[in-house]
Amino acid sequence: MVATFLSSWAHVRSRRADGWSIGALSLCLLLLGPVVALILKALGDSGGLWGHLLDTVLLRYISNTLVLMVGVGILACLFGVATAWVITRYEFPGRILFEWMLLLPAAIPAYIVAYTYTDFFEYAGPVQSQLRMLFGWTRPSDYWFPEIRSLGGATLVMASVLYPYIYMVTRIAFRLTPASLFEIALVHRKSQFWAVGLPLARPAITAGLALVLMEVVSDFGTVEYFAVETLTLGIFNVWLGMNNIVAAAQISLVGFVFILSLLGLELYARSRQRFASTSRATHALRPLHLDLRGQTACILVCCIPLLFGFVIPVGVLLKFVLTGGLVGNALAIAEVLGGSVLVAGMAALLITLVSTFIVLAATYRGGAALRRMAMVASTGYAVPGTMLAIGVLIFAGSVDRSFAAVTGDGRASLLLGGVGILILAYLVRFQAVGYGAVLSGIRRLPDNMMGASRVLGNGFTSSLRRVILPLLSGSMVAGGLLVFVDVMKELPMTLLLRPFDFETLATYTYQFAKDEMLEEAALPALMIVIAGLLPVILMNRMLRRTD
Amino acid sequence: MLSSCIFRTLRDGLRALPVTLLSLLMLGGIVQSVHASEVNIYSHRQQFLLQPFLDAFTAETGIKTNVVYASKGLAQRLQAEGEASPADVILTVDIARLGEYADLDLLAPVSSDILNANIPAHLRATDGRWFAFSTRARIVVTSKERVADGAIKDFEDLADPQWQGRICTRKGSHVYNRALMASIIAAHGEAAATEWGNALVANLARRPQGNDRAQAKAIFEGQCDIGIMNHYYFGKMMFGDKPEQRDWANAIRLVFTNQDNRGAHVNISGGGVAKHSPNRDAAVQFLEFLTQTTAQQLYGEINFEYPANPSVEPGGVLQSWGSFNRDELNIEKLSELAPSAQMIIDRIGW
């Protein structure tokens, strides 16, 4: 990372001091600050704990994490790519409805889904109760039923709420694939999906998959509740159980290295492959009409992820809200909603601006080094939230101390204890989301777009304003909305870094959910989903306009 | 229409990026202002459990309270904030967490006659950096139907092979079980504790999972016959507003263990004054308030916990469960042994 920085700095120095490159580089450094703070923490002495960890739990943590990554990766790809394919390629009843509803699971925090699934699938839940009634079983020993609190359960839960990341980008990729290519496949009796759709959508799928896997590595709520021993769970055992935050920081870097090497692999694979221009199709791709059996299959493909990712969890939450009679809390929750929307809105705005700035600078001003730097700067997403929050704390602490030294007031503070540190933390964590969205937007623009505008006499900034930005607007807004939804449901960082007496819907939900008081947690959890609805619908409209 | 409006905002924002960044950061600075006669609390205890205490304190003293609740990382926040920290009071559950604050030197010694008189010596730090406010016993619960009364008396009995496939617990690395393991180490040494742990794990009916309530539920459903839980969950299930949980509570019998030897393993909720507390007097006043009769009884009423102040009688429901002997091991010992306990838990795979 340091090498990347140095080489990109050397690169900047070798050209004239360009405001865009320097600005983007400084922003990347700001984004990396908390991660670097965590790395510095990890350099401390862990008191010889690694021998014990290697002997006992570490291999289990790593293999569980890998199995979970592979499982969620496969299932989320299956859900995301299959739905994106049938939505773009076929005509069937309900297609328009499914198109945006398939994005909805993105608005539900995974740990809430884990709670609701437990309620739904456990021994006393409706599924097993019905089965017992149906078959006349009376005891748990009478039959076998898969345990939901398990690695498999965690895989299902995470894939069900994370597949929209893949669905969203893959759908755009399918839609932008020139229709003529599909026709060629038809003529040659090759599969449109395997021979054309999938290969051309691969960069998009991997981009979505990267986000999904980063979420998997950093998830704590779900694995804790299901008692699946992943690296993240191990981090907390070492930190809180053995009072050893140095070793905890070291383990979290192991997860971080997982992600970095995956990203590296993908970069390598992509560097050996050139994709033909997938710019505007010469004529629009028309969805194909299907017979009844085909239509049923399409509906089924869309229903399954929606059932697991939305209908079951929201149904369970609704049941609690309706039977709980807890509408009395509504006033308190309305206040909390305000706080949530405020910080999520601020973070979404800021992240969109920062990632657009970085992407523009890296694409049109910086060299390959700055582009790599920008990518590295968006990996905060792969560090578990609480650990990243500690990195943010250490970083902000040193900023504040410098500030206090300058002002001469020992109690002066710029970041800590205010909303500023929360926004900084969101920026570091969710930069990946905004950056990914804007980057995929700019990749779709023909390379010579900027050149053409400059030749026509526009300056650089005027070309950006008149040509590039309008074409990027869809991706920017989509990225911003996704960040908004992500911040709305973010828990561990908000919990730790927030100012006094400040609640978001996620933290408000958590204080009840922590004790499995699902009835009390249901209404605020449902509000997170409802607050995510509008962004999801807007996002869908932006996605549709990309063609 | 809406999206183009959003886009325009974004485009204008991009031009003003530096100003936006700076003003957002400044906003953080403005939000934070310290008033007189306030107490700022960092709490590991959920807000809704804490609120009745805060209301009573404000009603009695007129001092306003502000709270940040988080389950983990508050010690690191306090550490990062250093001298600039606005925090006055730290409230935690579990002694090992208090130990973490003490280790990082984040707490200030307090010498208060009221606190020293109200809290017995084994429930507070020798240097006055922290105090217990309530105690909770870790107990064994057994199925009323399937386990004979008196069949289990001590935690040590859970290692008996006759219970093979009949015990349910939450994960060993949870603070409650970690402290329990620490108490076993304190009583028998590491080797014997490992042996006990191995035998317990061999007796488990299912992979450790869920929280304490989930163990009672599993007994009710017949998945297992014996569980480990904190005593107050029984009260919460029995007297909460959820009828199904009352059924779980009715299916189990409470066993306060080790009554014929060292006494039941207890843990505490507690707290201390932050090292750089800007409102130190009010902070001490708040701690004193928590050890006096009104607050001490609240612990029982709200969460079925036992008062740490021996001169305060536990409330009606708690009294009806009978009195019991507690392990009077200096509670600090549990915190010291927590890392060893976690290592054993890793080794035995609990």
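Order of the sequence lines sets the chain letters (A, B, ...), proteins ahead of strands, with each chain counted from 1.
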task: Apply side-chain contact (heavy atoms from CB on, under 4.5 Å) to the pair A/Arg498 and B/Tyr69, showing each step before the final yes or no.
output: CA-CA 9 Å; A/Arg498 61 198 163 137; B/Tyr69 151 71; 3.5 Å; yes
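- Side-chain atoms of B/Lys72 and A/Trp239, non-hydrogen and from C-beta on, do get closer than 4.5 Å to each other.
- A/Ile390 touches chain B through its side chain: at least one heavy atom from C-beta onward sits under 4.5 Å away, while N, CA, C and O do not.
- For chain A, the option among B/Leu49, B/Thr65, B/Ile41, B/Val68 with the highest count of heavy-atom pairs below 4.5 Å is B/Val68.
- The greatest number of non-hydrogen atom pairs below 4.5 Å with chain A, out of B/Ala338, B/Gly210, B/Pro208, B/Gly222, is found for B/Gly210.
- Among A/Thr386, A/Leu393, A/Leu233, A/Asn244, the residue with the largest count of heavy-atom pairs under 4.5 Å with chain B is A/Leu393.
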query: Given A/Leu240 and B/Gln342, is the side-chain contact (heavy atoms from CB on, under 4.5 Å) satisfied, shown in steps?
result: CA-CA 10 Å; A/Leu240 300 170; B/Gln342 178 63 43; over 6 Å; no
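- The distance from atom CD1 of A/Ile245 to atom CD of B/Glu100, rounded to the nearest 0.5 Å, is 7.0 Å.
- No side-chain heavy atom of A/Ile394 sits under 4.5 Å from any side-chain heavy atom of B/Gln76.
- The closest side-chain donor-acceptor pair between B/Asp103 and A/Asn243 falls under 3.5 angstrom.
- In this structure, the separation between OG1 on A/Thr56 and CD1 on B/Ile344 is 12.0 Å, given to the nearest 0.5 Å.
- At least one side-chain heavy atom of B/Asp346 sits less than 4.5 Å from a side-chain heavy atom of A/Met242.
- To the nearest 0.5 Å, atoms OG (B/Ser71) and CZ (A/Phe220) are separated by 7.5 Å.
- Of the listed residues (A/Met387, A/Arg401, A/Glu122), the greatest number of heavy-atom pairs within a distance under 4.5 Å of chain B belongs to A/Glu122.
- Of the listed residues B/Gln209, B/His276, B/Gln79, B/Gln223, the one with more heavy-atom pairs under 4.5 angstrom with chain A than any other is B/Gln209.
- Across B/Ala87, B/Ser173, B/Gly82, B/Gly73, the residue that shares the most heavy-atom pairs under 4.5 angstrom with chain A is B/Gly73.
- Ring to ring, A/Phe500 and B/Tyr42 are close: their centroids are under 6.0 angstrom apart.
- Using a 4.0 Å cut-off between charged nitrogen and carboxylate oxygen, B/Lys171 and A/Glu229 count as a salt-bridge pair.
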